[in-house]
Amino acid sequence: MEETNDLMRQRKDKLNEIRKAGIDPYPHQYAPTHTTENIRVEFEEVTETPDDTNRVTVAGRIMTKRDHGKSSFANLQDSTGQIQIYVRRNDIGAESYSVYRRFDVGDIIGLSGVVFRTRTGELTILADTVELLSKSIRPLPEKWHGLQDKQTRYRQRYADLIMNPEVKEVFVKRTQIVQAIRNMLNEQEFIEVETPVLQPIYGGASARPFTTYHNTLDQSLYLRIANELYLKRLIVGGFDRVYEFSRDFRNEGMDRDHNPEFTMLELYQAYADYLEIMELTENLIAKTVENIHGTTKISYQDQEIDFTPPWRRMTMIESIQEHTDIDPETLSAHEMSTKAKTAGIELDGDESFGEIIAEIFDALVESKLIQPTIIYDYPIEVSPFAKKKPENPELVERFEFFICGMEVGNAFSELNDPIDQRQRFMEQASNLAKGDEEAFMVDEDYLRALEYGMPPTGGLGIGIDRLTMLLTDQYSIRDVILFPQMRPEN
RNA sequence: GAGCCGUUAGCUCAGCAGGUAGAGCAUCUGACUUUUAAUCAGGUGGUCACAGGUUCGAUUCCUGUACGGCUCACCA
């Protein structure tokens, strides 16, 4: 990593010169009185005449430098923005000024001075003391085009954040989204909990796990693919409303809306069914959107999206009838399978009716659901933790919601019948034996918990990364994850 | 996993019917005390991703590899 080019060698030479002049290029502490944002607010009325009452001390990174012989302008960037500084030899003294002239774009400095406006009206700090807080020996990207290369931006997010202020905004918003949701859930008496990331049995979703090993226990452990079964154990234990922002790990492909590690909010509410969770979902999301944007109507990749509740609701079968020429209510499994294959869907041939319906939905309907849409009543075969519909045991009380063609959340009336749950596990176990790598393992301890009795419960999972993509208008999940997964550089 | 595209100076990018490379910014030297993509003059800076092949000669053509982007497949 120790690349040497002329630019870095020159900067290291400057570093040594500064040290020889008796100055510590990496001092321990500095005490700014203002951020650049503070200054913009506090000194809005300031005039072109410097007035000693408008004194500030600031710290930040030099982003541009315009030297003019015995004076110099520079732009200083701190965590809140940028401000222009003006340094004159007469004000800071010849010795200080010659040190200042050795400062480079990228250096972090502190300065005290007086806020005024230049002739052109730009808010500026006229410095009377300037000091180096951290010498930068690696040159920043060019000031005008900034850092464009995606590979470098993802691998060196620090450089991306320095150069591209809009990137920082995305991640500030991401935090605001999480905070908004957390505040609303707390107000509704949900309790935030933490459950294991390292799990002896993975479950709660269909995905291949990452496997690791615990030396002392001498056993394999899995990084969680979901925390569903742990949260429901807590419902059994008597927490009636729980949630967790969970980093989950799935050993699957990567693309514009999949990263191997991602964040999911899961919540469970005792005595609720999926209809109540639908309402909760619409309100939670709509209020989050409003909190971030001040309105429930936003634009994503040039599409207008309206989050105002209530959202459109369709059963999965209705959605297939609407968006395809396939009608699951009149066709046999064989006819469905033929239609699906004609539409280019690959099937093994041993899929059940319900599995074919789910395949058709995924392939032909999902991408057409642009406005927030709740799709409900799923085939039982693809929903092993959801409760059957009383009037139709082939379907379960489950819904997912879709926005801009993306699945953003998943919810159901939780299956709390331990006998039924055991049967569903057994079917999964036989699928696992048949080689379905994404089938579930039997979780005897979870069954034991259900045997004690779990109240009727509604549960919900929301993909926080995808929600953030929508609310920050980012096309790729990599742009809402600070350090997206990448192959090694070398 | 497949297809297409990309990888040239610190950054953003040109270029090459095959003859060992260019711009802007950055950087260095000099001038300059209200500039803001500062200006003016003059310099420095390259394993053209990596490895093979064709050729008198390859950054350029071909093949392979690595990394990345997009699309598809996979993804309750």
Side-chain angles (χ1 to χ4, degrees), chain A residues 3-11 13-14 48 50 63-75 82-92 97 104-106 116-124 126 136-155 159 163 203-208 225-226 228 248 250-260 262 264 344-346 355 358 361-363 366 378-386 396 398 400 406-407 409-412 428 436-440 461 463 475-476 478 484 486-490:
Chain A
E3 314 151 29
T4 42
N5 58 51
D6 282 354
L7 296 174
M8 288 187 69
R9 229 172 293 135
Q10 282 161 0
R11 287 185 175 214
D13 290 345
K14 284 187 191 170
E48 289 181 30
M63 296 304 289
T64 61
K65 202 159 174 257
R66 297 176 290 282
D67 289 332
H68 292 253
K70 297 180 187 66
S71 76
S72 170
F73 288 93
N75 281 65
Q82 289 196 8
I83 196 157
Q84 177 167 263
I85 64 172
Y86 185 32
V87 182
R88 293 189 299 203
R89 193 171 76 160
N90 284 358
D91 298 325
I92 68 166
Y97 193 73
D104 292 303
V105 168
F116 76 112
R117 277 187 198 279
T118 61
R119 251 173 230 169
T120 55
E122 171 132 6
L123 205 61
T124 301
L126 180 61
S136 163
I137 59 167
R138 185 177 290 272
L140 287 174
E142 184 232 347
K143 62 189 169 192
W144 190 242
H145 299 91
L147 181 60
Q148 303 288 337
D149 182 66
K150 285 209 166 167
Q151 181 164 190
T152 311
R153 290 184 46 214
Y154 295 148
R155 288 191 195 280
M163 296 309 296
S206 296
R208 287 180 302 187
I225 59 173
E228 164 154 354
D248 293 342
R250 296 187 185 177
N251 208 336
E252 310 273 8
M254 295 156 62
D255 60 27
R256 95 169 180 96
D257 54 7
H258 293 86
N259 193 65
F262 63 101
M264 186 152 70
I345 299 168
E346 285 176 34
E355 284 168 330
F361 176 82
D362 285 350
E366 187 171 325
Y378 277 57
I380 189 167
E381 300 94 319
V382 297
S383 316
F385 296 107
V396 294
R398 172 181 177 191
E400 295 184 308
M406 276 193 295
E407 178 201 333
N410 180 27
F412 23 93
Q428 291 289 319
D436 180 352
E437 286 181 87
E438 289 176 351
F440 302 167
Y475 181 73
S476 168
R478 292 184 207 87
M486 304 281 277
R487 285 197 168 86
E489 274 180 79
N490 298 314

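Labels below follow one simple rule: chain letters A, B, ... track the order of the sequence lines, proteins then strands, and each chain is numbered from 1.
Regarding contacts with the backbone of rU35(B), every side-chain N or O of R66(A) stays at 4.0 angstrom or more from both OP1 and OP2. Taking 4.0 angstrom as the limit, R487(A) places a side-chain polar atom (N or O) nearer than this to OP1 or OP2 of rG68(B). Phosphate proximity of rG69(B) to R153(A): absent, as no side-chain N or O sits under 4.0 Å from OP1 or OP2. At the phosphate of rC11(B), neither OP1 nor OP2 sits under 4.0 Å from any side-chain N or O atom of K143(A). Remark: K65(A) is not in phosphate contact with rA26(B), judged by side-chain N or O atoms under 4.0 Å from OP1 or OP2. Residue R478(A) has a polar side-chain atom (N or O) positioned under 4.0 Å from OP1 or OP2 of rC70(B).
As rounded to the nearest Å, rU33(B) and rG24(B) have P atoms that lie 26 Å from one another. Taking atom C1' in both rG57(B) and rA49(B), one finds a spacing of 22 Å when rounded to whole Å. For rA38(B) and rU44(B), the P atoms lie 24 Å apart once the distance is rounded to whole Å. rU7(B) sits 14 Å from rU47(B) when the C1' atoms are compared, rounded to a whole Å. A distance of about 27 Å separates the P atoms of rU20(B) and rU12(B), rounded to the whole Å.
Sequence order on RNA chain B of the closest nucleotides to P139(A) and R117(A) puts P139(A) first from the 5' end.
Within 3.5 Å, a donor on the side chain of D255(A) pairs with an acceptor on the base of rC74(B), or the reverse. You'll find a donor-acceptor pair under 3.5 Å spanning the side chain of N90(A) and the base of rU33(B), going by distance alone.
At the heavy-atom level, M486(A) lies under 4.0 Å from the strands shown only through sugar-phosphate atoms. Using a 4.0 Å heavy-atom cutoff across all strands shown, Q148(A) reaches sugar-phosphate atoms only and no base atom.
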Per-residue pairing states of RNA chain B in dot-bracket (Watson-Crick or G-U under 3.5 Å; . unpaired, | other strand) read (((((((..((((.....[..)))).(((((.......))))).....(((((..]....))))))))))))....
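Atom CD of E142(A) and atom P of rC11(B) are 11 Å apart (whole Å).
For the residue pair Q84(A) / R66(A), a side-chain donor-acceptor distance below 3.5 Å is found, with atom types taken as modelled.
Residues meeting the salt bridge (Lys or Arg N to Asp or Glu O under 4.0 Å) test with D67(A), sequence neighbours left out: K65(A), R101(A).
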